[in-house]
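Here it is: the structure, laid out below.
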Protein chains: 2
Amino acid sequence: MTEQGTGSSPTLLDVAREAGVSAATASRALNGSTRTVSAEKLALVLQAAERLGYAPNLSAQATARGSTKTVALIVHDIADPYFSSIAAGIVEGAEAAGLTVTMAVTGRSPDRELEIVSILRGHRPHAIVLAGSRIGDDQETLAGELRAYRTAGGRVAVVSQPGLPHGTVTIDNRAGAEALADALVAHGYRRFAILRGPDALHTSRDRADGFAAGLARAGIEALDAVEAEFTEDGGHAAMTGLLGRGSDDIELVFAVNDVMAIGAMRALRDAGLVPGRDLAVAGFDDVAAAVDVDPALTTVTVPTRAMGLRAIELALAGADEPELVWLPTSVVLRESTPRRG
Amino acid sequence: MTEQGTGSSPTLLDVAREAGVSAATASRALNGSTRTVSAEKLALVLQAAERLGYAPNLSAQATARGSTKTVALIVHDIADPYFSSIAAGIVEGAEAAGLTVTMAVTGRSPDRELEIVSILRGHRPHAIVLAGSRIGDDQETLAGELRAYRTAGGRVAVVSQPGLPHGTVTIDNRAGAEALADALVAHGYRRFAILRGPDALHTSRDRADGFAAGLARAGIEALDAVEAEFTEDGGHAAMTGLLGRGSDDIELVFAVNDVMAIGAMRALRDAGLVPGRDLAVAGFDDVAAAVDVDPALTTVTVPTRAMGLRAIELALAGADEPELVWLPTSVVLRESTPRRG
DNA sequence: GTGAAAGCGCTAACAG
DNA sequence: CTGTTAGCGCTTTCAC
């Protein structure tokens, strides 16, 4: 049986009393914007606060001030390295600005997401950051909720999900894939196949198209392209299909993301081939596993952390017209695509 | 229709006015503990709230009630899969209890951690969860801060870091390693070497000792044991050293964590050997990469998500005497340790 | 500079 | 059941 009510934290009034000043003075001393407190009383208050172990009640502060020092972050799945890395960037940026981060997870459910935005709105955060690309088409309710939040003075930023009328940070998937194609051609490769994801996903389409565009610049056309799930198994299946087709004159397979590429590598091994030697493989994302697989995977680095950081900056800047920021990617050549010839 | 807000959110009073009832009634309708509101007025209020896009001001609610609906989470690094997975469990548990999660990142700095606890305390969260094993010895100030928080009625839970006088969730590293040894012996292995981490880390010591204990039960003693960094490079170096020593009668190497094991596999390849065929390898943690490497790594699964979930339960239960929960692990046999003979 | 007093938005006794 | 009346802890005019 803990006595809950009795052992409550010291209040500003307690500190004021202890210091022999008024609540107003104590308030000003502890965080008054303009230091209109005499050095003497200031010291008194600070000491009293210290002695009592005072920590200002942020909720009360928020109600009185009408604004909070928090940022709300919404992600699909915090355990997913892609999102946790973005989250890391956001936390970094928020803390630099003296803000606390509140986090909620949607589990990729649009309904849950809507509910969360509604709850979070109740916290009256300084800003709301949405991370993760949506699939559902019914963004109308969400958009409405966000609009309400913004007209009430809130800021919104979105990561890697274009189409919402708010500041948005995303990567240039096209350009990244194009640069990768350039680098591979420079490495001596000429005969390519592409493993694409579902065409409904912008990400997949942009990467596949960008890669093709890069090849085209060198007068090359991909010999084959197969569509598959965005997963490791999808990559495995697609690669297996490709091999069965007897396209054995292909030199390199580009998968639109790393996990697919890793699945493809597994399929190669299953077929008795050695990835990198018998057939080169490249991916996109630079997930942690890319360096753990054998051979290490050539891929395109996505600056997830920087995206988070930039998003929070965008939100805090609070521009009126929704700004769209494209972050650059970079090609990382590894052993899965040895220099050729 | 409704008049456009002047830039701030509609308040409870706005809703009450719109519905033609008192603020008290509106409050009761919107979230009164006991539903003492007539169906008629209830509908009126709900409609008014809907129309105005009302979202209760949680800060005001908190000040009035004296308690919040939030849980504070402190992790070393949210981008680290180990922590992000724990975080996922915590978010899951918190949301199930209708609580919002506030997150802060220490970056493994004890000073920053202390500062964070202090700030977070200001939010008056329902509970504070600390994730991540501390290294520093000066836990006194931190302990004091937490004590103050608890005497003020707050709850504290700790994940994988024994030694603080609060509810703690951790895994049984010893038992896990022991079970792994059992399974490997059952697979026909008899000649082992152990790659341990720095002895100062409880985790490393417990795993190495547990593994040895498991072997001992079968009357087996490890042939060799080398100490190394807790990293992939550490595993690589240790394995290289082991090979150089000419202990070529060893059948299996157990590394106290997966990244070390993966490093060891790389070292084997560098020496022209094939992991799994020429020398079996096993790890501990079951990181995501464990299934991406070739051959897939035999390891011990750590229920990080469950740890988070359990921690939040522990915190919310708020037992008086600090409870210590040991979560079980499980052995996962994969291709890196094929059945022998 | 400093204190008294009036809120911030919401909840929680109290009467009716 | 419902409205009235006090607060919750803190900030912020407004006088002195």
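Throughout, protein chains are lettered first and strands after them, A, B, ... in sequence-line order, and every chain is numbered starting at 1.
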For this session: Using atom NZ of B:K69 as one end and atom P of C:dT11 as the other, report the distance to the nearest whole Å.
Result: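 Value for this atom pair: 12 Å.
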List, with names and distances, any nitrogen or oxygen atoms from the protein found under 3.5 Å away from nitrogen or oxygen atoms belonging to nucleotides 3-7 of chain C.
| from | atom 1 | to | atom 2 | distance (Å) |
| --- | --- | --- | --- | --- |
| C:dG3 | OP2 | A:S22 | N | 3.2 |
| C:dG3 | OP2 | A:S22 | OG | 3.1 |
| C:dG3 | OP2 | A:T25 | OG1 | 2.5 |
| C:dG3 | N7 | A:R28 | NH2 | 2.7 |
| C:dG3 | O6 | A:R28 | NH1 | 3.4 |
| C:dG3 | O6 | A:R28 | NH2 | 3.4 |

Exercise. Where the side chain of A:Y149 meets the backbone of A:S118, is there a donor-acceptor pair that is under 3.5 Å apart?
Worked result: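 Checked: no pair found.
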For this session: Check B:S27 against B:L12 and note the closest heavy-atom contact, atom names and distance.
Result: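 Smallest interatomic distance, heavy atoms only, reads CB-CD2, 3.7 Å.
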For this session: May I ask you to say what A:T63 touches in the nucleic acid, namely base, sugar-phosphate or nothing, with a heavy-atom cut-off under 4.0 Å?
Result: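 Result for A:T63 = base.
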For this session: Would you kindly give the CZ-to-P distance between B:R17 and D:dG3, to the nearest whole Å?
Result: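 Atom-to-atom, B:R17 to D:dG3, this comes out as 14 Å.
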Problem set entry | Atom-pair distance (CG on B:L13; C1' on C:dC10), nearest Å |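 After rounding, the reported distance stands at 10 Å.
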For this session: Not counting sequence neighbours, list each pair that qualifies as a salt bridge (charged side-chain N to carboxylate O under 4.0 Å, His left out) and has a residue in residues 61-80 of chain A.
Result: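 Applying salt bridge (charged side-chain N to carboxylate O under 4.0 Å, His left out) to every pair that reaches into residues 61-80 of chain A, excluding sequence neighbours, yields A:D80-A:R108.
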Problem set entry | Identified side-chain hydrogen bond (donor to acceptor under 3.5 Å, both in side chains) partner of B:H166 from the options B:R150, B:R147, B:R155 |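 Per the side-chain hydrogen bond (donor to acceptor under 3.5 Å, both in side chains) rule, the option paired with B:H166 is B:R150, out of B:R150, B:R147, B:R155.
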Problem set entry | Separation between CD1 of B:I116 and CZ of B:R121, rounded to the nearest 0.5 Å |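 Output value for this atom pair is 14.5 Å.
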Problem set entry | Summary of side-chain hydrogen bond (donor to acceptor under 3.5 Å, both in side chains) pairs that have at least one residue in residues 45-59 of chain A, sequence neighbours excluded |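 Residue pairs passing side-chain hydrogen bond (donor to acceptor under 3.5 Å, both in side chains), neighbours aside: A:E18-A:R51.
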Problem set entry | Given DNA chain D, 5'-ward residue of the pair A:P10 and B:E40, judged by closest heavy atom |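 First, find each residue's nearest nucleotide; the 5'-ward one identifies B:E40.
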Exercise. Does the A:S84 side chain pair with the main chain of A:A79, one donor and one acceptor, at a distance under 3.5 Å?
Worked result: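 The answer is no, because no donor-acceptor pair under 3.5 Å joins these two groups.
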Exercise. Considering the terminal five base pairs at each end of the helix from C:dG1-D:dC16 to C:dG16-D:dC1, what angle separates the two local helix axes, rounded to 10°?
Worked result: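 End-to-end axis angle for the helix from C:dG1-D:dC16 to C:dG16-D:dC1: 30°, rounded to 10°.
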For this session: Mind checking the CG-OG1 spacing from A:L42 to A:T25? Nearest 0.5 Å is all I need.
Result: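 Taking CG in A:L42 and OG1 in A:T25, the distance rounds to 10.5 Å.
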Exercise. Of the residues in residues 54-62 of chain A, which ones touch DNA chain D at a heavy-atom distance under 4.0 Å?
Worked result: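 Within this stretch, A:Y54, A:P56, A:N57, A:A60, A:Q61 sit under 4.0 Å of the strand.
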Exercise. Whole-Å distance between D:dG7 P and B:L12 CG?
Worked result: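 So the CG-P distance, B:L12 to D:dG7, works out to 20 Å.
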Exercise. Whole-Å distance between D:dT2 P and B:L44 CG?
Worked result: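 My rounded result for the distance is 11 Å.
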Problem set entry | Pairs satisfying side-chain hydrogen bond (donor to acceptor under 3.5 Å, both in side chains), at least one member in residues 87-101 of chain A, at least two apart |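 Residue pairs passing side-chain hydrogen bond (donor to acceptor under 3.5 Å, both in side chains), neighbours aside: A:E92-A:R305, A:E95-B:R112, A:T100-B:H123.
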For this session: Establish, from distance only, whether the side-chain atoms of A:T106 and A:S109 form a donor-acceptor pair under 3.5 Å.
Result: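 Side-chain D/A pair, A:T106 to A:S109: absent.
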Exercise. Is there a donor-acceptor pair closer than 3.5 Å between any side-chain N or O of B:T151 and the backbone N or O of B:A148?
Worked result: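 Side chain of B:T151 to backbone of B:A148: a pair is present.
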Exercise. Between A:N31 (CG) and D:dC10 (C1'), how many Å, whole number?
Worked result: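 Distance, rounded to whole Å: 9 Å.
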For this session: Write down the distance between CZ (A:R65) and C1' (D:dG9), rounded to a whole number of angstrom.
Result: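 Nearest whole value for this atom pair: 12 Å.
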